[in-house]
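First up is the structure itself, then whatever we jot down about it.
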Amino acid sequence: MSDTVKILSLRFPLLTETEALRIAARMAAAHRPFSVFTPNAEIANRAARSPAFSDLLNRADLLLPDGVGITLAARLRGARLSRMPGIDFAERLLAAAPPRGYRVFLLGARPGVAALAGRELERRFPRVRVCGVQDGYFPPGMRRAVAGAVTAASPDLLFVCLGSPLQEEWIAAFRPPCLAIGLGGALDVWAGCVRRAPDGWQRMGLEWLWRTAKDPARLRRLPALAAFAWRAVLPPVPEKPEKEKKSRAERDFSL
Ligand code: UDP
């Protein structure tokens, strides 16, 4: 059983990446509805203002810290949380696909992007087969039909890239029988439409700054980052990691 650390209203399990990958692989093999969300500071800040969104995120089977803000806040609370950007986590999961391979459904991004991303994933990960794609700009009335198409394709993994909070809400509402992971802009990166920050920037935890410089539309996200820093990082609140009851992932897939 692992401890958790509470950052604003979210409880992150204190898992290493290896442990999280092992749990995710078991979930992918189960063909039951499992969810992995990867909150960053912006998402944590939104959750802090919405009890309903907090509950939805805390009910995930795995909650992984996508951003440096979360890991920094954890460290100030005396907990060691390794940063696991969703896109890296997904790539490592695919790289470790079992011999029978993974069937992956890609949902989200502008029309055409998911298909390009799928080709790139199949090229990089020979044991991956993309079993379906759907762009992320379907009308709300089609959400149920999209969920039906996902279930009919019987994927092991579903990458939902609709942006937050839509992707988390879609996963929680439809719970397709597979491991669904909310991955933000990952399809744009795999398709080659968006470049990630150079490694050095990533290692320094400055990917957000690089992305903001490349895409000034992201400037509107900075107030949320500032609010997170103010509430979760700047005033260090010495707090021991909480011993919580077991998460559902740990109950079902004890390490
Ligand atoms: N998106 C979508 N449907 C929508 C709104 C957004 O498919 O209704 C996609 C958008 O095209 C992009 C992704 O969701 O591919 C969100 O990317 P963003 O960079 O905002 O996510 P982040 O990586 O910052 O979480």
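Along the sequence shown, residues carry numbers from 1. Only this structure's heavy atoms are used, side chains among them; waters, hydrogens and symmetry mates stay out. Remember, it's 1-based here, ligands and their atoms both numbered in the order they're listed.
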Under 3.5 Å donor-acceptor, R127 side chain and A97 backbone: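 The answer is yes, because a donor-acceptor pair under 3.5 Å joins these two groups.
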Under 3.5 Å: donor-acceptor pair, side chain of N58, backbone of S9: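 Checking the backbone N and O of S9 against the side chain of N58, a donor-acceptor pair under 3.5 Å is found.
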Look at [atom] and say which protein heavy atom is nearest, naming residue and atom and giving the distance to 0.1 Å.
atom	result
atom 11 (O) of ligand 1	Y137 OH, 2.8 Å
atom 23 (O) of ligand 1	G185 N, 2.9 Å
atom 7 (O) of ligand 1	A109 N, 2.8 Å
atom 5 (C) of ligand 1	L162 O, 3.4 Å
atom 13 (C) of ligand 1	G184 O, 3.5 Å

What atoms of ligand 1 come closer than 4.0 angstrom to any heavy atom of [X]?
X	answer
G163	13 (C), 14 (O), 16 (C)
D188	12 (C), 15 (O)
R218	19 (O), 24 (O)

Proximity to ligand 1 by part of R221, non-hydrogen separation under 4.0 Å: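 Within the 4.0 Å criterion, R221 contacts ligand 1 through side-chain atoms alone.
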Ligand 1 contact on Q167 by region, counting heavy-atom pairs under 4.0 Å: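 It is neither; nothing of Q167 touches ligand 1.
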Verdict with supporting geometry, R221 and T212, side-chain hydrogen bond (donor to acceptor under 3.5 Å, both in side chains): CA-CA 9 Å; R221 301 181 177 211; T212 308; over 6 Å; no
Nearest candidate to atom 14 (O) of ligand 1, where distance is taken over non-hydrogen atoms, out of A186, G108, G136, C161: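 Among A186, G108, G136, C161, the closest heavy atom to atom 14 (O) of ligand 1 comes from C161.
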Chi angles and distances behind the side chain to side chain contact (heavy atoms under 4.5 Å, CB included) call for E168, L57: CA-CA 7 Å; E168 291 86 10; L57 292 176; 3.7 Å; yes
Aromatic plane relationship, W190 with F159 - under 30° parallel, 30 to 60° tilted, over 60° perpendicular: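 Plane angle between 30° and 60°, so tilted.
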From CA spacing to verdict: salt bridge (Lys or Arg N to Asp or Glu O under 4.0 Å), E120, R123: CA-CA 5 Å; E120 172 65 5; R123 186 189 68 75; 3.0 Å; yes
Name of the residue among L63, L8, I7 meeting side chain to side chain contact (heavy atoms under 4.5 Å, CB included) with P39: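 Only one of L63, L8, I7 forms a side chain to side chain contact (heavy atoms under 4.5 Å, CB included) with P39, namely L63.
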L166 N/O to ligand 1 N/O under 3.5 Å: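 It does not: no N or O of L166 is found under 3.5 Å from an N or O of ligand 1.
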Geometric cation-pi criterion R143 and F174, 6.0 Å radius, 45° cone: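 The answer is no, since R143 fails at least one limit relative to F174.
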